[in-house]
Amino acid sequence: MNPEFVRNFSIVAHIDHGKSTLADQLLLQSGAITEREFKEQLLDDLSIERDRGITVKARAVALHYDIDGQTYELNLIDTPGHVDFHYEVSRSLAACEGALLLVDAFQGVQAQTVANAYAAIEGDLEVIPVVNKIDLPVTRIDEVLEEVETILGLDPDDALKVSAKQGTGVESVFRAIVDRIPAPSGSPDAPLRALVFDSKYDPYRGVITYFRIVDGSIRKGDKIRFMKGATVHEVVELGQFRPDMRACDELGVGQVGYVVTGVKELGNVHVGDTITQAGNQAKTALPGYKEPQQMVFCGMYPIDATDFEKLREELEKLSLNDASFSFSPETSDALGFGFRCGFLGMLHMEIIQQRLEREADVGLIQTAPNVTYEIKARGEEEVLLIDNPVDVPDAGQIDEFREPIARVTFILPSSNIGTIMQLCEDRRGTYKNTEYLGPDRAQLTYELPLAEIIYDMHDKLKSATRGYGTMDYEVIGFRAADLVKMDILVKGQLVEALSTIVHRDFAERRGRGLVKKLKQEISKHQFEVALQAAIGTRVIARETISALRKNVTAKCYGGDITRKRKLLEKQKEGKKRMKQFGQVEIPQKAFLSVLEAS
Ligand code: GDP
Ligand code: MG
């Protein structure tokens, strides 16, 4: 294929602005799927990630489209659509020359529109603004275009107006891709350099590697090398997704495809690596990506200890297809044998958790999630990376305790600015700036400790703005803070799984809230149960659960229900989620009390 007629692009958008629908519509209008398949995909709204469309089949699809008698190959590279996956967005974008920036004609520019647009602009991509859903009965097209100009600095005259659902204006999208996005510019005669931008595990074929060729070409039967590893592999199968896997014999400059080499483990193929020919090696690798850093950790324990191996198998299965999720065995006094699991963020954690609930028949106890901390210990050169409060050294050993800081961007109605600013101030936020997008909407930027936003910031924002506010965050580094480990003692015994890391100024308030919450969650026993929060040996809060008396039925507690809690409620009934700790029975809910006791 002559690279002159190849175009590589992504679609980026805030969630629900129509990315999947537009992708499907492009597939439909280029003949890759039928009208019936398009309709079916529109109806299928059940999948957990709600990423229907091309994502069901592949992360990159080659479309063929004719313009003025010339056939073009348009490679649509999919990007994940949520905040937790920033790194993956940028790495998908690195395989493209352009991006369609989709904006809902009523909702306008939202937090993730901005984040995605910046990622594309930083990656030197040609950005084509597309206003979608122009068929809606009420739209704000002119205001939306103004927002695109004010906040993103893009020329509104360049914007296309479409209805992905009805197909209106989609032809103009094809034309803009061909006219405005540059053709790939690599050298066909140079040694092969292909960028690995994704990989997935197939139980029959092993690892399927997605690549985009920068220089040279690749043929079936070639001996190739992943430049990070030393191993040489034969190209067993080569092809493109259209959207089904279609094998071919050769791919050249600018083209996007997949390769099967017989590699069996996902861990052996590194996203961001460069593929070259074993016999004719490229001198330098392509610039790769930073490894995504796991920022949120939690413990997962089987309720029934005999399920430990089963849980391990299920976690292994999940990690096969998701290299950014990790797990390692750990033991806890209270919970026995389980796993410490690492995630990119809270959404990532929820997705994995839901998969486990759905696919694995294992009753789970999950501990409250925590972020990753850095500790500079006395007399130590190396900085400790702490992903479990249990590992925090004694206070006397700590020179510096550092926590991750995120830059948080809110887009919200101007009338709610005060409320959200107060919320951020209460959570140790540092105000950065406010920008107005129009008469009624603004962008507010704060720097906040990651620990203060991951649990319920999103819920709080939604309720404060009646659903009109959106947020996005990016971790910008670690900063020293006056942090301490707070322990919980139940009937005098330390329950490690309930330890948390808190700011000293908030410790007492949190401690009181937490023991109060625990008092509600743990039912009465035949004896008195003391609940204490402590920093080191100093008790900072205390509650007592009185002993059970005759004729007293257990109290029933209501209380507010957060997103996390609802998720728990949904988990399979019938399994009694309790752990016996000493003489005291602690229910699963209690382990998540930490989330609510702020
Ligand atoms: P994504 O989250 O960006 O992938 O968004 P989806 O493609 O899943 O679309 C979100 C919702 O918007 C779905 O209910 C779609 O049917 C709807 N939608 C997408 N495009 C249009 C459009 O052009 N017009 C209207 N009225 N609805 C649309
Ligand atoms: Mg989608």
Side-chain angles (χ1 to χ4, degrees), residues 9-30 32-33 35-61 63 76-86 88-89 92-93 99-117 119-120 127-141 144-145 148 152 159-174 176 198 241 243 347-348 350-351 354 411 458 462 467-468 470-472:
F9 72 104
S10 287
I11 307 174
V12 292
H14 189 80
I15 191 112
D16 281 344
H17 284 198
K19 196 177 81 163
S20 301
T21 310
L22 181 63
D24 290 347
Q25 187 63 246
L26 294 175
L27 261 71
L28 174 68
Q29 296 207 12
S30 64
I33 59 170
E35 189 82 39
R36 189 177 55 83
E37 286 169 312
F38 176 74
K39 292 237 165 72
E40 275 171 7
Q41 299 200 347
L42 271 188
L43 291 175
D44 169 24
D45 231 342
L46 294 173
S47 127
I48 23 177
E49 285 129 295
R50 298 205 302 150
D51 260 333
R52 303 163 294 102
I54 71 158
T55 49
V56 173
K57 284 163 179 146
R59 283 287 298 277
V61 174
L63 308 172
L76 167 52
I77 293 167
D78 197 28
T79 56
H82 197 276
V83 275
D84 283 359
F85 304 102
H86 274 311
E88 295 188 35
V89 171
S92 305
L93 292 179
L100 305 175
L101 177 71
L102 209 57
V103 191
D104 185 299
F106 177 71
Q107 299 202 331
V109 171
Q110 297 292 344
Q112 284 146 50
T113 317
V114 179
N116 283 314
V127 177
I128 302 173
V130 180
V131 178
N132 184 35
K133 309 197 190 182
I134 56 165
D135 62 298
L136 287 172
V138 186
T139 58
R140 309 165 37 241
I141 299 176
V144 171
L145 289 174
V148 164
L152 307 173
L160 309 174
K161 293 166 201 148
V162 310
S163 162
K165 197 168 184 175
Q166 299 181 345
T168 330
V170 171
E171 218 184 290
S172 71
V173 175
F174 282 114
D198 203 4
F241 291 92
L347 177 85
H348 190 210
E350 277 176 29
I351 290 173
Q354 286 179 28
I411 291 195
H458 191 252
K462 285 288 167 194
Y468 287 112
T470 54
M471 65 179 272
D472 188 84

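Each ligand, and each atom within it, is numbered from 1 in the order the structure gives. Nothing fancy with the numbering, it's 1 onward along the sequence. Because only heavy atoms are used, hydrogens play no part in the values below, and waters and symmetry mates are left out as well, while side chains stay in.
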**Item:** Which of the ligand 1 atoms, numbered from 1, are nearer than 4.0 Å to a heavy atom of L136
**Value:** 26 (N)
**Prompt:** Has K462 got more than 12 heavy atoms of other residues, nucleotides or ligands less than 6.0 Å from its NZ?
**Reply:** yes
**Asked** Are L22 and L102 side-chain neighbours, meaning at least one heavy-atom pair lies under 4.5 Å?
**Response** yes
**Message:** Let me check your reading of the structure: within less than 2.8 Å of the Mg ion (ligand 2), is there an N/O/S atom from S20?
**Reply:** yes
**Message:** Please classify the N132 to ligand 1 contact at 4.0 Å (heavy-atom distances, strictly less than): side chain, backbone, both or neither.
**Reply:** side chain
**Message:** Tell me whether A164 has any N or O atom under 3.5 angstrom from an N or O of ligand 1.
**Reply:** yes
**Message:** Checking contacts here: is it the side chain or the backbone of K19 that comes within 4.0 Å of ligand 1, counting heavy atoms only? Could be both or neither.
**Reply:** both
**Contacting atoms of ligand 1, where contact means under 4.0 angstrom from a heavy atom of D16** = 1 (P), 2 (O), 3 (O), 5 (O), 10 (C), 12 (O)
**Request:** Please say whether V162 places an N or O atom under 3.5 Å from an N or O atom belonging to ligand 1.
**Result:** no
**Chi angles and distances behind the side-chain contact (heavy atoms from CB on, under 4.5 Å) call for I411, T113** = CA-CA 10 Å; I411 291 195; T113 317; over 6 Å; no
**Request:** Just jot down the side-chain contact (heavy atoms from CB on, under 4.5 Å) partners of Q166, sequence neighbours excluded, or say none.
**Result:** D135, S163, T168
**Numbered atoms of ligand 1 (with element) below 4.0 Å of S20, judged on heavy atoms** = 1 (P), 4 (O), 7 (O)
**Item:** A159: partners by side-chain contact (heavy atoms from CB on, under 4.5 Å), with sequence neighbours left out
**Value:** P129, L145
**Message:** Minimum distance, heavy atoms only, to atom 18 (N) of ligand 1: which one of Q166, K133, Q25 is it?
**Reply:** K133
**Message:** Quick one: does any side-chain atom of T79 pair with a main-chain N or O of V12 as donor and acceptor, under 3.5 Å?
**Reply:** no
**Under 3.5 Å: donor-acceptor pair, side chain of N116, backbone of A13** = yes
